[in-house]
Each structure stands twice: as structure tokens, then as C-alpha cells.
Amino acid sequence: MLSHNFVKDDLGMDVLEPWKNIKETIDSLSKFTHVNDKTFDISHEESEKLAEEALCILLSIFNMIEGTRTELHCELASHIDNQ
């Protein structure tokens, strides 16, 4: 595991910055977890729309994680090459 200080100081990456975006996106999923009167007796079309929206948000989370991971790998490889 790479330490936060190594990633920040040696690789020049702020790993907390992408996490803020990821956390905000995760928080947007919370609207899909609360069952109330509005979530019952909705049309098939509306349920499909909500499911698609939730899946798109989840996919964006995975894409942000993958993007950050790729950036970290590139920075680490560059650092190793320079050493």
C-alpha cells in the first residue's frame, strides 16, 4: 500500500480530490435507498427510468475509481522510471 504522503509528495497527486467527487456521487445514490409512499405503485416506465439512473450513477462511480487508479499507476510508473 502506498502512503498518502508518498502519493502526495513524491507522485504529486492529491488522492483526496477524486474521493470528494466519488463521495458526492455515492451520496446521490442515497435517494434510491429510501422507500416511501412515492416509491410504491409507480409505472413500469418510471421504475425503469429510476433503475437506469441508479445504474448510471453507479457506473460513474466505477469510472471515477478506475480513472484515479489509472492516473496513480501512470504517476507511479513515471516515478519509478525517473528513479
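Residues: numbered from 1 along the sequence shown.
- The two residues Thr25 and Met64 come nearest to each other via the heavy atoms OG1-CE, 3.0 Å.
- If you chain together hydrophobic residues whose side chains sit under 4.5 Å apart, Met13 and Leu2 fall into the same group.
- In this view, Lys23 and Asp27 satisfy the salt bridge (Lys or Arg N to Asp or Glu O under 4.0 Å) rule, not counting sequence neighbours.
- One finds the CG atom of Leu72 at 9.0 Å from the SG atom of Cys74 (value rounded to the nearest 0.5 Å).
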Practice task
In sequence, state the C-alpha distance, the side-chain angles, and the governing distance for Glu52 and Lys49, and then conclude on salt bridge (Lys or Arg N to Asp or Glu O under 4.0 Å).
Solution key: CA-CA 5 Å; Glu52 186 174 327; Lys49 179 182 166 213; over 6 Å; no
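- Rounding to the nearest 0.5 Å places OG of Ser47 at 7.5 Å from CD of Glu45.
- There is no path of hydrophobic side-chain contacts, each under 4.5 Å, that joins Leu59 to Leu50.
- How far CD of Glu17 is from NZ of Lys8: 11.5 Å, rounded to the nearest 0.5 Å.
- When the side chains of ILVMFWY residues are joined at heavy-atom separations under 4.5 Å, either directly or via intervening members, Ile57 and Ile26 end up in a single hydrophobic cluster.
- Listed for the Ser78 side chain is no donor-acceptor partner under 3.5 Å among the backbone atoms of Glu75.
- Taken from CD in Glu24 to CG in Asn21, the straight-line distance is 5.5 Å, to the nearest 0.5 Å.
- Summarising the geometry, atom OG belonging to Ser3 is positioned 8.0 Å from atom CG belonging to Asp9; distances are rounded to the nearest 0.5 Å.
- Scanning all heavy atoms of the two residues, the minimum distance from Leu16 to His4 falls at CG-CE1, 3.9 Å.
- A distance of 11.5 Å separates CD1 of Ile61 from SG of Cys56, quoted to the nearest 0.5 Å.
- Taking both residues in full, the closest heavy atoms of His79 and Leu11 are given as CB-CD2, 3.4 Å, listed atom of the first, atom of the second, then distance.
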